[in-house]
Amino acid sequence: MSTPYKPESIEAQAQRYWQEARSFEVGEAPGKQKFYCLTMFPYPSGKLHMGHVRVFTISDVIARYQRMQGMHVLQPMGWDAFGMPAENAAIKHGVPPAEWTYRNIGEMRAQMDRLGYGYDWSREVTTCRPEYYRWEQWLFTKMFEKGLVYRKNSVVNWDPVDQTVLANEQVIDGRGWRSDALVERREIPQWFMKITAYADELLDELDRMPGWPDSVKTMQRNWIGRSEGVELSFNVAGEDEPLTVYTTRPDTLMGVTYMAVAAEHPLAAKAAETSPDVRAFIEECLQTDASEATLETMEKKGMPLGISAIHPLTGDEVPLWVANFVLMSYGTGAVMAVPGHDERDWDFARKHDIEIRQVIAPADGTHIDIGEGAYIDKGVLVNSGEYDGMDFDTAFNAIANHFEKTGRGSRAVNYRLRDWGVSRQRYWGAPIPIIYCDDCDAVPVPEEDLPVVLPEDVKVTGAGSPLKDMPGFVATTCPKCGKDARRETDTFDTFVESSWYFARYACPDADAMLDERAAYWTPVDQYTGGIEHAILHLLYSRFFQRVMRDEGLTEVSEPFTNLLTQGMVLKDGAKMSKNKGNVVDPQELIAQYGADTVRLFMMFAAPPEQSLEWSDEGVQGSYRFMKRFWYAVMDHVDAGKAAAPDPGALSGDQKALRRKTHQTIAKIGDDIGRRNSFNTAIAAAMELLNAVNRFDDDSEQGRAVVHEALEAVVLMLSPMTPHICHALWNVLGHDSAVVDQPWPAVDESALELDTIELVVQVNGKLRGRVSVPADAGREDIEAVAIADENVQRFVDGKEIRKVIVVPGRLVNIVV
RNA sequence: GCCGGGAUGGCGGAACUGGUAGACGCGCCGGAUUCAAAAUCCGGUUUCCGAGAGGAAGUGGGGGUUCGAUUCCCCCUCCCGGCACCA
């Protein structure tokens with residue numbers, strides 16, 4: 001009787017081995033080729049969920065595979081430990097955020113070890129530790145000196161009942177999640193990092209990043225949104241200050257029939273002084289949350305201000321409106337409107353009975369009716385006086401030149417990308433290292449006084465930041481003049497921590513932000529994480545990497561050479577969540593089936609980039625496969641020793657199994673190494689094992705080819721299911737550990753075939769299959785194909801027009 | 001609303017560069033084993049027509065390019081991710 005498959009004991013054994021052998025702790029080895037394999041670190045929310053298990057398993061498979069390819073692999077792990085959930089838990093249960101966070105980290109780390117991930121824990125990074133965040137505080141002060149950070153007013157969601165700032169996700173249908181009060185837009189001073197200073201570099205480099213998915217690069221390109229246009233000044237009747245707008249379509253300038261400003265614009269405020277209607281409208285505009293999705297989907301409203309701008313070419317009066325879809329913080333807070341050639345302007349003009357003027361006509365002379373809808377394509381100018389007949393480029397240049405000559409405007413490059421607001425009015429984050437002095441204004445904390453440590457023994461109530469009420473934290477002296485001063489109580493956006501942690505893993509204990517070890521390990525060779533981070537986290541990290549580079553900390557510009565974005569884990573077609581009650585706890589599954597089964601299912605159920613539909617039956621199927629695998633090896637070994645195959649002495653069936661083995665080695669190597677196609681890799685391993693189980697041959701050579709096949713399966717599945725493979729490798733007679741084995745080699749001579757099967761089509765429809773010698777010529781193949789009995793039924797009596805032969809695949813006869 | 005992605009048997013998915021649609025797994029059906037069940041093993045399984053050989057249809061919907069389209073192009077529907085304070 002074979003030894004039964006008992007995952008709990010073999011998994012514990014393998015994990016003990018890795019721990020005692022320190023299999024995954026790596027130092028810098030300049031002679032070896034390094035491979036830095038990283039997954040987006042988790043927020044320590046309490047327990048691992050299936051999404052974590054999926055991304056960590058993907059990364060672990062890649063790390064273990066690359067190790068078998070001879071790479072010197074680093075795979076670290078850490079904690080994105082600041083964030084709102086800790087404050088929410090504190091409000092709900094009265095536990096201080098720090099305590100809650102550290103407890104969660106302990107729990108999740110134990111779960112990760114139970115799943116068998118090959119992490120170098122000696123490099124663990126926890127972002128809520130002062131020894132970590134001191135360096136981002138330090139970098140902030142360096143950026144301050146360089147003018148890369150600045151303070152300006154910007155909009156937040158204000159909950160008037162809780163007297164606190166809300167995150168966008170805390171605003172539900174325009175109301176505060178706890179108070180249910182209508183949220184207001186409010187402007188407060190906040191700190192910004194000048195990511196726009198790097199906009200061109202961040203954009204241009206995308207063209208030289210073949211290791212990133214096109215979709216992510218496209219999203220980042222669109223997000224940066226570089227455009228070339230013209231900045232123009234419109235005089236305003238009765239005002240000294242002109243109104244400046246930016247447009248990418250100066251060719252439509254003669255079609256401007258109104259202009260719109262934001263509710264917060266000074267001209268709107270001025271009109272409100274005399275008009276109660278305008279005042280009421282402005283107040284209504286502020287009763288909305290600040291997210292772009294809300295602004296873009298809400299009803300477009302506006303009101304005339306009773307003020308006119310002067311058209312810079314015609315001198316005509318153009319009415320000025322205040323509108324809820326124009327935002328003060330974007331651009332100049334004012335837009336020119338061309339309803340004839342912009343959809344939003346067209347809708348707005350229709351609604352408010354504003355003139356719609358056609359100034360562009362299709363270049364091919366097609367008639368269009370501007371009363372039916374806006375014509376937004378580029379074309380030829382009409383109704384534009386001296387510019388009539390010009391195409392877009394000619395008109396763009398003519399009008400731009402005119403404005404540059406008259407000093408009323410200029411060509412300008414504009415970005416959709418806005419500077420990064422890093423201030424958060426929250427407690428559980430890294431303090432922004434600034435001191436406010438009545439005389440010296442905002443002064444960065446000197447290097448020798450860093451870190452500014454966040455006090456951890458606090459009571460969180462949910463109404464404002466507790467830091468404001470801690471005189472011991474706030475009260476300080478000005479580093480410049482020594483007078484009494486106040487500390488900044490805002491903390492960093494948590495994206496700041498996640499924008500450089502990947503570099504810190506290289507040197508977690510360095511007495512500087514980075515040291516020479518980062519030069520060895522960075523950039524990350526393989527980065528894996530959720531597609532939801534395609535823009536913000538990945539763009540901020542690319543920005544930070546450059547700031548660190550320009551500070552002389554590294555020579556690397558791009559932090560992540562290859563990027564894999566994995567899909568979500570769904571159940572019943574929806575993301576797993578407590579609200580929906582469709583959560584599957586990894587812990588219970590591991591207890592029932594073992595880590596290998598869970599890992600195998602995760603990798604088998606879907607390709608990594610797609611969403612993965614959870615299936616309890618599928619997990620059982622993976623468990624069944626683990627058992628079949630286990631007993632196949634056990635039964636083989638129980639029957640005695642096996643020799644190495646002698647290629648010259650194999651029968652046809654033996655040769656066929658050996659061919660299958662080497663075909664599979666080639667396929668799985670390609671699937672994992674090139675395609676990140678783990679599901680098909682596993683399917684191929686299953687096929688090979690099925691072939692072994694069907695293979696009934698006790699002869700010496702028969703046992704030899706089976707042995708070779710089983711060893712190959714053990715080696716090739718070891719990245720996916722490392723524990724069972726650790727055990728089976730020893731069962732197969734090896735003293736070594738499978739984790740240190742090289743990837744199996746393909747024997748090209750085993751792949752050779754004498755005859756191949758070709759598909760025969762008639763007019764593209766499958767009509768038969770024929771066997772031909774592998775080296776058959778085109779004429780022989782055609783003759784054999786046409787001679788096929790079933791093919792004859794469709795060819796007979798018809799004229800053969802063309803025969804297409806796709807070598808090794810098919811023959812298509814066109815009649 | 002804007003940007004990005006997706007849709008293939010009863011289900012998850014495969015088909016990599018335009019060349020056999022449905023690999024592999026789940027489920028289901030039939031059989032073996034068993035006193036019985038579980039577990040395990042063997043066979044079948046896109047739909048329709050046909051005893052069979054075989055034929056017809058078929059990759060969200062509509063059109064197009066091609067000897068040949070799940071794959072390329074145009075239009076549409078639905079679902080998912082992101083939209084700058086969730087991480």
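Order of the sequence lines fixes the chain letters, A, B, ..., with proteins taken first and strands second; residue numbering starts at 1 for each chain.
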What's the [atom1]-[atom2] distance between [X] and [N], to the nearest Å?
| X | N | atom1 | atom2 | value |
| --- | --- | --- | --- | --- |
| Gln592(A) | A39(B) | CD | P | 13 Å |
| Glu169(A) | C83(B) | CD | C1' | 15 Å |
| Trp630(A) | U40(B) | CH2 | P | 17 Å |
| Phe492(A) | A87(B) | CZ | P | 15 Å |
| Arg416(A) | G1(B) | CZ | C1' | 12 Å |

*For the side chain of Arg801(A) and the base of C67(B), is some donor closer than 3.5 Å to an acceptor across the two?*
no

Below 3.5 Å between N/O atoms, which protein atoms pair up with nucleotides 2-10 of chain B? Just atom names and distances, please.
residue, atom, partner, partner atom, Å
C3(B), O3', Asn222(A), ND2, 2.8
C3(B), O2', Asn222(A), ND2, 3.0

For residues 799-810 of chain A, please give each side-chain donor-acceptor pair under 3.5 Å, one per line with the distance, not counting sequence neighbours.
none

To the side chain of [X], which of [options] is closest?
| X | options | value |
| --- | --- | --- |
| Lys765(A) | G1(B), A57(B), A84(B) | A57(B) |
| Ala167(A) | C67(B), U40(B), C86(B) | C86(B) |
| Ala293(A) | A39(B), C83(B), A87(B) | C83(B) |

Tell me, please, which residues at least two apart from [X] pass side chain to side chain contact (heavy atoms under 4.5 Å, CB included).
| X | value |
| --- | --- |
| Ala430(A) | Phe82(A), Tyr133(A), Glu136(A), Phe492(A), Glu497(A) |
| Arg221(A) | Leu203(A), Leu206(A), Asp207(A), Lys217(A), Thr218(A) |
| Asp377(A) | Tyr375(A) |
| Ser227(A) | Tyr246(A), Thr248(A), Asn414(A) |

*Do the numbers put Arg185(A) on top of the ring of Trp158(A), so that NZ or CZ is under 6.0 Å from the six-membered ring centre and no more than 45° off the axis?*
no

*Return the 5'-most residue of the pair Phe794(A), Gln425(A) with respect to RNA chain B, ranking by each residue's nearest nucleotide.*
Phe794(A)

_Need to verify one output field. Residue with the more 5' nearest nucleotide on RNA chain B, Asn790(A) or Leu166(A)?_
Asn790(A)

*Given pairs defined as Watson-Crick or G-U wobble with both distances under 3.5 Å, what dot-bracket annotation applies to RNA chain B, with ( ) intrastrand, [ ] crossing, | other strand and . unpaired?*
(((((((..(((......[....)))((((((.......))))))((((....))))..(((((..]....))))))))))))....

_Does G61(B) count as syn, meaning its glycosidic angle lies within 90° of 0, or as anti?_
anti

*Hey, does Pro42(A) reach any base, or is it just sugar-phosphate, or nothing, if we go heavy atoms under 4.0 Å?*
nothing

_Presence of Arg767(A) side-chain N/O under 4.0 Å of A56(B) phosphate oxygens OP1/OP2_ = yes

*Would you call Lys194(A)-Asp419(A) a salt bridge at under 4.0 Å N-O?*
no

*asked:* Applying salt bridge (Lys or Arg N to Asp or Glu O under 4.0 Å) as the test, list every pair that has at least one member in residues 604-617 of chain A; sequence neighbours left out.
replied: none

*Return the set of residues passing ring pair (Phe, Tyr, Trp, His ring centres under 6.0 Å) with Tyr198(A) (not counting sequence neighbours), or none when no residue passes.*
Phe543(A)

_Residues forming a salt bridge (charged side-chain N to carboxylate O under 4.0 Å, His left out) with Lys300(A), sequence neighbours excluded_ = none

*Going 5' to 3' along nucleotides 18-34 of chain B, which nucleotides have protein heavy atoms under 4.0 Å from the base (write B), which only from the sugar-phosphate (write S), and which from neither (write -)?*
-BB--BBSSS-------

N/O donor-acceptor pairs under 3.5 Å from side chains in residues 758-770 of chain A, not counting sequence neighbours:
residue, atom, partner, partner atom, Å
Asn763(A), OD1, Val815(A), N, 3.0

*asked:* Before we go on, tell me: are the rings of Tyr132(A) and Trp500(A) under 6.0 Å apart, centre to centre?
replied: yes

